[in-house]
Amino acid sequence: MTAFQRRFDQAVWKIVSGIQRGRVMSYGQIARAAGFPRHARSVSKAMGRSAMPLPWYRVIRSDRTLAFDPGSKAYRKQRGLLEKEGVRFVGGKVVPLDSDRGKSLDESLWGPR
DNA sequence: CCCTTGACTATCT
DNA sequence: GAGATAGCCAAGG
């Protein structure tokens with residue numbers, strides 16, 4: 001384990017574990033919230049190193065698509081878990097909630113109900 | 001060192 | 001809005 005990983009992992013786990021049911025966050029958003037802007041690509045690795053289970057399936061791309069290859073096992077798993085929490089999909093993308101109308105762009109994309 | 005690899009992104013066609 | 005492109009940066013070979 002490098003020093004970077006120790007700090008980065010801790011910060012990422014904290015953010016990811018805080019994502020609530022029915023909500024999603026992007027890799028880049030998590031990296032920023034964790035205090036490591038520009039490290040979106042490292043977020044998945046940090047989650048993989050976690051000993052405790054994390055709601056990894058609530059993490060998606062900034063364009064609202066899932067990071068796995070559509071049709072893959074992982075894709076179906078993630079999508080199933082999200083839909084079970086009420087997250088809706090249209091055209092392979094996570095649908096923003098209606099009740100978010102009127103909020104800032106960021107909130108409308110990722111904010112709570 | 002140099003080169004490749006990512007569960008990524010912002011930007012431009 | 002979908003596809004291509006360039007930028008990103010730690011890790012590992």
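Note on naming: letters A, B, ... go to the chains in the order of the sequence lines (proteins, then strands), and numbering restarts at 1 for each one.
Atom pair Leu54(A):CG and dA7(B):P shows a separation of 17 Å (rounding to whole Å applied). The interatomic distance linking Leu82(A) (CG) with dA7(B) (C1') rounds to 13 Å, in whole Å. Residue Arg64(A) contributes atom CZ, which lies 23 Å from atom P of dA7(B) at whole-angstrom precision. Atom CE of Met47(A) is separated from atom P of dA7(B) by 10 Å (rounded to the nearest Å). We find that CG of Asp69(A) is positioned 14 Å from P of dG6(B), with the value rounded to whole Å. In this structure, the NZ atom of Lys93(A) is 12 Å from the C1' atom of dG3(C), given to the nearest Å. Between the CE atom of Met25(A) and the P atom of dT9(B) there is a distance of 13 Å, given to the nearest Å. Going from atom OH of Tyr27(A) over to atom C1' of dG6(B) covers 11 Å, rounded to whole Å.
Taking every heavy atom of residues 2-15 of chain A and every atom of DNA chain B, no pair lies under 4.0 Å. Contacts between residues 34-44 of chain A and DNA chain B, defined by a heavy-atom separation under 4.0 Å, are made by Ala40(A), Arg41(A), Ser44(A).
Considering only side-chain N and O atoms, Ser62(A) lies under 4.0 angstrom from the phosphate OP1 or OP2 of dT9(B). In this structure, Ser26(A) does not reach the dC8(B) phosphate: none of its side-chain N or O atoms is under 4.0 Å from OP1 or OP2.
Residue Arg49(A) places its CZ atom among more than 12 non-hydrogen atoms of other residues, nucleotides or ligands, all under 6.0 Å distant.
Taking the P atoms as reference points, dA7(B) lies 22 Å from dG7(C), given to the whole Å.
Atom CG of residue Asp9(A) and atom CE of residue Met47(A) lie 11.0 Å apart, to the nearest 0.5 angstrom. One distance of note links OG of Ser42(A) with CZ of Phe4(A); it measures 5.0 Å at 0.5 Å rounding. A distance of 4.5 Å separates CD1 of Ile30(A) from CD1 of Ile19(A), quoted to the nearest 0.5 Å. Taken to the nearest 0.5 Å, the CE atom of Met25(A) stands 14.5 Å off from the OG atom of Ser62(A). The line from CD1 of Ile15(A) to CG of Leu54(A) is 11.5 Å long, rounded to the nearest 0.5 Å. Here CZ of Arg23(A) is found 11.5 Å from CD of Glu85(A). Values are rounded to the nearest 0.5 Å.
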Problem - Full working for side-chain contact (heavy atoms from CB on, under 4.5 Å) between His39(A) and Val12(A) - result: CA-CA 10 Å; His39(A) 283 266; Val12(A) 168; over 6 Å; no
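Sorted by first and then second residue, the pairs that involve residues 68-83 of chain A and meet side-chain hydrogen bond (donor to acceptor under 3.5 Å, both in side chains), not counting sequence neighbours, are Tyr75(A)-Arg79(A), Arg79(A)-Glu83(A).
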